[in-house]
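Notes to accompany the following structure.
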Amino acid sequence: MATERYNAREVEARWQKVWNDKDVFVTHNDDPREKYYVLEMFPYPSGRIHMGHVRNYAMGDVVARYKRAKGFNVLHPMGWDAFGMPAENAAMQNNVHPKDWTYENIAAMREQLKIMGLSLDWSREFATCDVDYYTQQQRLFLKFLDSDLVYRKNAKVNWDPVDMTVLANEQVIDGRGWRSGALVEQRELTQWFFKISDYSEDLLDAIDSLDRWPDKVRLMQKNWIGRSEGLRVRFEFAEAAPTGDTTLEIFTTRPDTLFGASFMGLSPDHPISDKLAETNAELKTFIEECRRVGTSEEAIEKAEKKGIDTGLRVKHPLDSSIELPVYVANFILMDYGTGAIFACPAHDQRDLDFARKYNLPVKPVVLPKDADANSFDVGTEAYTDEGTIFNSDFLDGLSIPDAKEAIAKKLETNTVEGTPQGERQINYRLRDWGISRQRYWGCPIPVIHCDACGVVPEKDENLPVQLPDDINFDKPGNPLDRHPTWRETTCPSCGKPAKRETDTMDTFVDSSWYFARFTAPGCDQPTDPEAANGWLAVDQYIGGVEHAILHLLYSRFFTRAMQKVGAVDLKEPFKGLFTQGMVTHETYRLGEGNAASWVSPAEIRIEDNEGTRRATLVDTGEEVKIGSIEKMSKSKKNTVDPTDIIDTYGADTARWFMLSDSPPERDVIWTEDGVQGAWRFVQRVWRLIGDIAEKSEPRGGAAPDVSGKALDLRRASHKTLAAVSIDLENLGFNRAVAKLYELVNTISKTTSEGLDDAGKAYAVREAADYLVQMMAPMMPHLAEQCWHVLGHDNLISEAKWPTADEALLAEDSVTYPIQINGKRRGELTISKEASKDEVEAATLALDFVQRTLEGKSPKKLIVVPQRIVNVVV
RNA sequence: GCGGGCGUGGUGGAAUUGGUAGACACAAGGGACUUAAAAUCCCUCGGCCCUAGGCUGUACGGGUUCGAGUCCCGUCGCCCGCACCA
């Protein structure tokens, strides 16, 4: 073996330096070529990159390098989603300043990303905590405020009375604060909101135009926005409620079941519930209990249906002789509709569970198709499917949609206290976006509270409202609140002393427009519209599916809002979206039961005895239990550090392994064997290319006429080229990898048979060039080195993607599988041009077909051109 | 609870979207080379039947079709999301 072993570490560093010195990946806005914007979701600077980043950025880099080779002017930037709670947690735990902690983490992670060899334009890098970035974000906020896209209202938050802080839902565990353990209270705070609900309809309708998004994400967004058509109905109280209300307004999507009404339900957060609780201790306790369940829809829906009769009664809107009891019930959300419902237990599962528990009437009003009106009864399962209305006065015999229409018409004309009793309404589940966070490490909301003028926006020329550096976390609460001077300012309107808003923005705001900022990162306005409109939308966005709803929906809203204030001129920020799967790994546990502890892969050794795997601790030899495969996480210690892998095998091996085998949208299992397989492939390619470079000359001039093995190889490499190009276009990395393995096998075979004639030498050389070019987006360093060895004097990173020769792709014959009664019994190779008749004749002439037919003619003969033949006997 | 997804050899997965199931890779077993190991190369590898060859096989049970891993109905199992984590 003439060639030396491939030294990834040395080679990778060398090419990275060449790329960097030559500014190969720096993008210019005035480049006249067609643009292509590829973006991976930017990372939170936790301090170290993890395998999930490697996978995400490897995929994006393949797209970027491939599109560059295809002649596009590619924008492929990187930045940092740098505000957020972890920096404050670190500040509290380790007494470091959030700013120092964050920028140190960024520096460390930048170096780690650089050794991955990503083709990024680092000149556009920024962090969202850069003063420059959040200055522009404040400017955007003020423009939104000016355009009526922002407002203030009260909203409930989880309040930790010991830490004196607002808690995220995930920080509330069993009703207690995660850090203090104190019982969490619900508090009302005045908070800032973006009017995303103004765009409910538009955000929903435009989902259909996002045809390069995964269906799954589109559906999740549709459900999230949650459009429903229904009726707002006012029920008259038999006696006025203690709030003075004489009617109870509810929203329903099933007005057709109104005659099946059995009781009314109020949310525990409904104003009437609140008022009643003042004089009703039992109800008060119940409401408090409900609030401890948590605010998530899941928790509320799963909880046992419970309620308390308020003693209030309402009149049925269509039959005033019927009075319905009003309950406060734990399964009714205040945020949806009016916070009050009428319940029809026969046709709603939640209502039914409740009715059975409290022995309330269950009157069916929808009759299934084949059921008998006299005997149809609902047991423990509500009937929610189609049917005919019965037991319902003037609605009897109607279909559900017709009954809905009839009820709506009737109630629209009825009046209660001079206003219509019913009103058609389209309701959305989507709520306005609360952006206030009572925290330090975020973008300050640039408004001022003045005793005389109220809430006043900061003047544009006074921006930025900069975070103070001299803060500490030794006391509970928000450091901005207790800073000795930071709050003190003067009112931009009247000039008198006033106080700054101390809330900062949700970090989702930061990530809702960073993609636009990358198009002109130094601009003294939020965007340079010319640059932004030129580059946007992002052609391919890649990231985790965990962002399927919030980040993506907020960004879609933000783009519309930015359009309204003239910062960009488009609605949809991401034309193509791809959500990659997670990186998982086996888990290992030492000990049994409660005493068991997690052990990291680095601490163990695995032995494989005839397929039985056994793990032991490297240090002590103790047996370790091999557990299930889980998402890599610190808590389960099943992480593998990318930098360790890159140190050992190089970035190309890590990238290649992340892209092989598993489809990119699915989870991938990290295994040591898998990495080693990738590593062996790197070495194998290196040997093969070295061998070819030694035994043959670079190609010159036009392709010679070849035949036999040489022609076969040319066909194979051109076919692979065509197929891999399609795979890369579709982000089918695992399929591309498999085809490249196949091509290497083919080239190896041909090369090992000797490169005696010129045709063969040409074919092998061509195949080698193509192989290396196809590999280049995935393993750029190895490809660059091989390209050099093969005698090219340009950079493969700047080389044009080759085009497959159509003539070599066309086969002159086709092999048909021949089925008899749908089962494959043989095959037939025949000219590609053969007519259907010729194929039929040739099929019938086949030995095994003749044998089966025994002289008879087939019942049916199906010929699918270029595909298959089926003989039915 | 509601909504969605997935289920193919020992393993990860291919399958031109209704047309030869198991490409490619990993693991395993056997062999070559080697003083030995590593590396490399060659062979076997869904199950069953003694072979030629055949039967069977894509979670399970039905159906549509000339033909189903792919479409439809039902069952089972696993996974994900559900509004202050980013």
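Chain A is the first sequence line, chain B the second, and so forth, proteins listed ahead of strands; every chain is numbered from 1. Only this structure's heavy atoms are used, side chains among them; waters, hydrogens and symmetry mates stay out. Since the structure is predicted, the reported quantities are computational estimates derived from the model, not experimental observations.
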Checklist entry - Stepwise, does the ring-ring contact (aromatic ring centres under 6.0 Å, His included) test hold for A:Y134 with A:F83? => result CA-CA 10 Å; A:Y134 75 72; A:F83 275 135; 5.7 Å; yes

Next on the checklist: Let's go through A:N734 and A:R666 carefully: what are the C-alpha distance in whole Å and the side-chain angles of both, what is the deciding distance for side chain to side chain donor-acceptor pair (under 3.5 Å) to 0.1 Å, and is it a yes or a no?
Outcome noted: CA-CA 11 Å; A:N734 59 319; A:R666 233 181 277 179; over 6 Å; no

Next on the checklist: Taking only side-chain N and O atoms of A:R218, does any of them lie within less than 4.0 angstrom of OP1 or OP2 on B:rG3?
Outcome noted: no

Next on the checklist: Please verify the inter-ring angle class for A:Y541 with A:H551; under 30° counts as parallel, over 60° as perpendicular, anything in between as tilted.
Outcome noted: tilted

Checklist entry - Do A:T128 and A:Y44 get their side chains close enough for a donor-acceptor pair, meaning under 3.5 Å? => result no

Checklist entry - Among the nucleotides B:rC24, B:rA14, B:rA83, which one has an atom lying closest to any side-chain atom of A:W224? => result B:rA83

Next on the checklist: Checking contacts here: which listed nucleotide (B:rA21, B:rC41, B:rC84) is nearest the side-chain heavy atoms of A:R824?
Outcome noted: B:rA21

Next on the checklist: What stems show up for RNA chain B when you take Watson-Crick pairs (N1-N3 plus N6-O4 or O6-N4) and G-U wobbles (N1-O2, O6-N3), both under 3.5 Å, and require three or more consecutive pairs?
Outcome noted: B:1-7 with B:76-82, B:10-12 with B:24-26, B:28-32 with B:40-44, B:46-49 with B:53-56, B:59-63 with B:71-75

Next on the checklist: Strictly below 4.0 Å: does A:R429 bring a side-chain N or O up to OP1 or OP2 of B:rC2?
Outcome noted: no

Checklist entry - Since syn is defined as within 90° of 0, does B:rU56 count as syn or as anti? => result anti

Item to check | Interatomic distance where CD belongs to A:Q676 and P belongs to B:rA27 [whole Å] | outcome: 8 Å

Item to check | Rounded distance (Å) that lies between atom P of B:rC84 and atom CG of A:L553 | outcome: 13 Å

Checklist entry - Would you say the side-chain atoms of A:D353 and A:Q349 include a donor-acceptor pair closer than 3.5 Å? => result yes

Next on the checklist: Which residues pass the side-chain contact (heavy atoms from CB on, under 4.5 Å) test with A:A736, not counting sequence neighbours?
Outcome noted: A:V724, A:D727, A:L728, A:M778

Checklist entry - Base, sugar-phosphate alone, or nothing: which one does A:S660 contact when heavy atoms must sit under 4.0 Å apart? => result nothing

Checklist entry - With rounding to whole Å, what would you report as the distance between B:rU8 and B:rG13 at their C1' atoms? => result 9 Å

Checklist entry - Is it true that the side chains of A:W433 and A:D506 contain a donor and an acceptor less than 3.5 Å apart? => result yes

Next on the checklist: Work out how far the C1' atom of B:rG10 is from that of B:rU44, and round it to whole angstrom.
Outcome noted: 15 Å

Checklist entry - Which is true for A:R825 with a 4.0 Å heavy-atom rule: it touches a base, it touches only sugar-phosphate, or it touches nothing? => result sugar-phosphate

Next on the checklist: When you compare the side chains of A:S197 and A:D432, does any donor N or O come within less than 3.5 Å of an acceptor on the partner?
Outcome noted: yes

Checklist outcome for this item: From CG of A:L740 across to C1' of B:rA14 the rounded distance in Å is 15 Å

Checklist entry - How far, in whole Å, is B:rC33 from B:rA27 if one measures between their C1' atoms? => result 23 Å

Checklist outcome for this item: So, with a heavy-atom separation below 4.0 Å from RNA chain B, the residues of residues 860-872 of chain A are A:K860, A:I862, A:V864, A:R867, A:I868, A:N870, A:V872

Item to check | Distance in angstrom units between A:F848 CZ and B:rU20 C1', rounded | outcome: 12 Å

Checklist entry - Are the side chain of A:D348 and the backbone of A:D351 linked by a donor-acceptor contact shorter than 3.5 Å? => result yes

Next on the checklist: Please report the distance separating the P of B:rA68 from the corresponding atom of B:rC76, rounded so that it comes out in whole Å.
Outcome noted: 26 Å

Item to check | Selection from B:rA25, B:rG13, B:rC84 that lies nearest to any side-chain heavy atom of A:Y741 | outcome: B:rA25

Checklist entry - To the nearest angstrom, how far is A:K749 atom NZ from B:rC41 atom P? => result 13 Å

Checklist entry - If you look at every strand shown and take non-hydrogen atoms under 4.0 Å, does A:R735 touch a base, only sugar-phosphate, or nothing? => result sugar-phosphate

Checklist entry - Taking for each residue the nucleotide of RNA chain B with the nearest heavy atom, is it A:G434 or A:S662 whose nucleotide lies nearer the 5' end? => result A:S662

Checklist entry - Touch check for A:D215, heavy atoms < 4.0 angstrom, all strands: base, sugar-phosphate only, or nothing? => result nothing

Checklist entry - OP1 or OP2 of B:rC85 less than 4.0 angstrom from a side-chain nitrogen or oxygen of A:N89, does that happen here? => result no

Checklist entry - Looking at the angle O4'-C1'-N9-C4 for a purine or O4'-C1'-N1-C2 for a pyrimidine, is B:rG62 syn or anti, with syn meaning within 90° of 0? => result anti

Checklist entry - Distance between the P atoms of B:rA14 and B:rC6, in whole angstroms? => result 13 Å

Checklist entry - When you compare B:rA52 with B:rG47, how far apart are their P atoms, in angstrom units rounded to a whole number? => result 16 Å

Next on the checklist: In terms of relative ring orientation, are A:H53 and A:Y57 parallel, tilted or perpendicular, with 30° and 60° separating the classes?
Outcome noted: parallel

Checklist entry - Using a cut-off of 4.0 Å on non-hydrogen atoms, how would the nucleic acid contact of A:Q819 be classed: base, sugar-phosphate, or nothing? => result base

Checklist entry - Just checking A:P43: base, sugar-phosphate only, or nothing, at a heavy-atom cut-off of under 4.0 Å? => result nothing

Checklist entry - With respect to the side chain of A:I549, which nucleotide from B:rA25, B:rC26, B:rG81 is positioned closest? => result B:rG81

Checklist entry - Of the candidate nucleotides B:rG81, B:rA83, B:rC24, which contains the atom at the shortest distance from the side chain of A:M220? => result B:rG81

Checklist entry - Please give, in whole Å, the distance from B:rC24 P to A:R684 CZ? => result 11 Å

Item to check | Pairwise 5' ranking along RNA chain B for A:K823 and A:N734, keeping only the more 5' one | outcome: A:N734

Checklist outcome for this item: When rounded to whole Å, the NE2 to P distance for the pair A:H547 and B:rC85 reads 12 Å

Next on the checklist: Once you apply a heavy-atom cut-off of 4.0 Å, does A:W433 come out as touching a base, just sugar-phosphate, or nothing?
Outcome noted: nothing

Checklist entry - For A:Q438 and A:D503, does a side-chain donor sit closer than 3.5 Å to a side-chain acceptor? => result yes

Item to check | Under-3.5 Å donor-acceptor pair between A:E665 side chain and B:rC6 base | outcome: no

Checklist entry - Using the P atom in both, what is the distance from B:rG46 to B:rG9, to the nearest Å? => result 12 Å

Checklist entry - Is it true that the side chains of A:N154 and A:Q191 contain a donor and an acceptor less than 3.5 Å apart? => result no

Item to check | Proximal nucleotide (of B:rA27, B:rC41, B:rA23) relative to the A:A738 side chain | outcome: B:rA23

Item to check | A:L333 CG - B:rG1 P separation (whole Å) | outcome: 17 Å

Item to check | Sugar-phosphate, base or nothing in reach of A:F508, heavy atoms under 4.0 Å | outcome: base

Checklist entry - Are any non-hydrogen side-chain atoms of A:W101 and A:P86 less than 4.5 angstrom apart? => result yes

Next on the checklist: For the C1' atoms, the ones on B:rU16 and on B:rU11, what distance do you get once it is rounded to whole angstrom?
Outcome noted: 26 Å

